[in-house]
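Let me begin by presenting the structure, written as structure tokens, before commenting on it.
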Amino acid sequence: MLDIQALRNDIDGVAARLAARGFTLETARFQELEAQRKVIQTRTQELQAKRNASAKQIGMAKAKGLDTTDIMAEVAQVGDELKQLEAKLPLVLQEMDAFLSVIPNTPHSSVPVGLSEADNVEMRRVGVVSTFDFEVKDHVSLGEGIGGLDFDTAIKLSGARFSLLKGGLARLHRALAQFMVDTHADQHGYTETYVPYLVNAASMRGTGQLPKFEEDLFRVPRQMGEGGVQNFYLIPTAEVPVTNMVRDEIVPLESLPMKFVAHTPCFRSEAGSAGRDTRGMIRQHQFDKVELVQMVHPDESYAALEGLLGHAEVILQKLNLPYRVMKLCSGDMGFSAALTYDIEVWLPAQNTYREISSCSNFEAFQARRMQARFRNANGKPELLHTLNGSALAVGRTLVAVLENYQQADGSIVIPDVLRPYMGGLEKLIKVVA
RNA sequence: GGAGAGGUGGCAGAGCUGGUUGAAUGUACCUGACUCGAAAUCAGGCAUACGGUAACCCCGUAUCGGGGGUUCGAAUCCCCCCCUCUCCGCCA
């Protein structure tokens, strides 16, 4: 949610910044709504004030045993108009809210202007891309080759875009997640959290998934009393439950920065991506992710973003996986972000870099929706800045390990840092299950 | 799932036979006085959002779990929902 004050003060400036990301702000519509709102709201409050004053007078008069018919008659006149306005006001406010809640965040001034992925800017490449003296296989062949990856059964159980891991591969997947969480908790100062995987609509609204992106979510309706239905949503990322911990809170200044790490499954219906990445486990309805979330003082958020990005990079460095860091252009950023870095890992079989992490600063965009605040040095409530990043997507990291650590015989060498999590195992080879 | 109790300001806790109550009182916290300093004591302050405004002054509106209703007026009355606690049942 943008600051409505910014729209009132400089709507053309805001519109120009949004245009950079391909969003057309309907300025006339805003001004029309704002004009309506102002008339109705001020008049309503005026009448309410009048009514309240009269009611108070009636109260006092009755206490003294005086006659109140005159004042009662006076209030009756206010009644009709007020009733109409009180019915109309919430409708106008709702319209305004609906208008505001589908406007994306304005990009930070350093964000390169562009329309698509192609305009993203490469910041750096880290690690050495290995050369193989044999024909590389992709993760599907490798996984199926060692007998640990079973899409056929996953399809039987659930359908397309699910995967089933077994044996050493399942353990490697778990090892990756644990290694990531341990690293962030023990070395980067994040507090480990375990969070709900089903959240309510208010939480989804807080981080920006609702109302605009409902089709990307799995909704779980639950029958409540008297025919009412309460919707739960499966989290598309741990960002949702973790960030919403501070929804409707005013946290003390000393508690900043707040840093959390969570390992959760993520559920995405991938409604708009039919036909993309259909082979393998790159794009799934369910995948695990280790997520970093920070709530920080507004002055610190960009420094915090660099820090958070670095924490994600550490994982790739420790795994010795080659990657590059991309700064997303205005047209490729997510709805709520002001600035986003993607980390892309090298996948030999695709002969390209693929996204494995996305680290964003949302500034106050999410905090404003959530009313997530801290008490500043003057003792006044002020909106927090929120950030998050994947560190990393576990499934895609597994893919990267398989492909980058493959051997000529189809076996997979286990990265050094993961061996303690694998009972000391050094290599995954074919096992008859 | 059954039975009962309850949800009020940072916390505790009144009010709930409708009326000058955004809300007593206590406590925590902040400021000042006293003190060499502290404690104790005394005085004062201390919710949030939105609107009027550019404004952290000022004025107004809303908010006593959420929504709806009755009324000139609702924390207080009525209806629906949610949540918490206790006991029983069931259960990983």
Side-chain angles (χ1 to χ4, degrees), chain A residues 1-11 13-14 30-31 33-101 194 196-203 205-206 220-233 244 246-255 298 364 367-384:
Chain A
M1 190 97 80
L2 295 179
D3 184 1
I4 193 167
Q5 292 296 348
L7 289 169
R8 285 177 187 148
N9 297 336
D10 180 23
I11 191 159
V14 173
F30 174 78
Q31 271 148 356
L33 278 173
E34 176 64 2
Q36 271 182 38
R37 190 226 94 226
K38 193 162 178 172
V39 171
I40 295 173
Q41 186 167 14
T42 47
R43 181 65 181 153
T44 305
Q45 296 188 349
E46 206 175 287
L47 292 175
Q48 285 172 329
K50 198 176 281 183
R51 179 204 60 198
N52 290 347
S54 301
K56 209 164 261 186
Q57 277 186 356
I58 294 171
M60 287 192 280
K62 288 212 166 168
K64 290 177 192 159
L66 300 176
D67 178 66
T68 57
T69 49
D70 285 355
I71 319 175
M72 301 272 273
E74 212 175 292
V75 188
Q77 293 179 342
V78 177
D80 278 350
E81 189 184 351
L82 184 56
K83 217 158 243 169
Q84 281 185 16
L85 288 174
E86 279 183 337
K88 210 183 281 181
L89 181 60
L91 299 179
V92 176
L93 292 178
Q94 270 168 35
E95 269 186 80
M96 181 58 96
D97 184 64
F99 179 83
L100 292 174
S101 35
Y194 171 79
Y197 303 155
L198 287 165
V199 299
N200 56 33
S203 294
R205 173 173 289 275
V220 182
R222 181 188 179 210
Q223 201 64 41
M224 304 306 281
E226 297 286 321
V229 174
Q230 183 188 66
N231 284 321
F232 282 125
Y233 293 87
N244 274 280
V246 293
R247 173 155 54 85
D248 294 322
E249 299 287 337
I250 302 174
V251 302
L253 184 60
E254 312 82 73
S255 67
R368 189 170 294 110
R369 294 177 157 234
M370 291 190 294
Q371 283 301 310
R373 292 158 294 165
F374 68 102
R375 211 166 277 284
N376 67 21
N378 298 322
K380 296 292 172 194
E382 185 178 333
L383 293 170
L384 289 162

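To find a chain, count down the sequence lines: A is the first, B the second, and so on, and within it residues start at 1. As the structure is a prediction and not an experimental result, all values here were calculated from the model.
Comparing G51(B), U48(B), C72(B) by their closest approach to the side chain of Val75(A) singles out C72(B). Relative to the side chain of Arg222(A), the nucleotides U48(B), C83(B), G51(B) differ in distance, and C83(B) lies closest. Listed nucleotides: A47(B), G51(B), C72(B). Nearest to the side chain of Thr42(A): G51(B).
Here Lys62(A) lies in heavy-atom contact (under 4.0 Å) with a base.
Of the side-chain N and O atoms in Arg368(A), none sit less than 4.0 angstrom from OP1 or OP2 of A49(B). Side-chain nitrogen and oxygen atoms of Arg375(A) include none within less than 4.0 Å of the OP1 or OP2 phosphate oxygen of G10(B). Side-chain nitrogen and oxygen atoms of Lys38(A) include at least one within less than 4.0 Å of the OP1 or OP2 phosphate oxygen of G52(B).
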Base-contact (B) and sugar-phosphate-only (S) positions in nucleotides 59-66 of chain B, heavy-atom cut-off under 4.0 Å, - elsewhere: -BSS----

Side-chain donor-acceptor contacts of residues 72-89 of chain A below 3.5 Å, not counting sequence neighbours, with atom names and distances?
unit_1: Glu81(A); atom_1: OE1; unit_2: Arg43(A); atom_2: NH2; d: 3.0
unit_1: Glu81(A); atom_1: OE2; unit_2: Arg43(A); atom_2: NE; d: 2.8
unit_1: Glu81(A); atom_1: OE2; unit_2: Arg43(A); atom_2: NH2; d: 3.3
unit_1: Glu86(A); atom_1: OE2; unit_2: Gln48(A); atom_2: NE2; d: 3.0

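Within the 4.5 Å cutoff, the side chain of Phe232(A) has no heavy atoms near those of the Ser203(A) side chain.
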Which nucleotides of RNA chain B pair, in dot-bracket form (Watson-Crick or G-U under 3.5 Å, | meaning another strand): ((((((((.[[[..)...(.....]]].(((((.......))))).((((((.....)))))).[[[[[..)....]]]]])))))))....

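Of the N and O atoms on the side chains of Arg369(A) and Ser101(A), not one donor lies less than 3.5 Å from an acceptor on the other residue.
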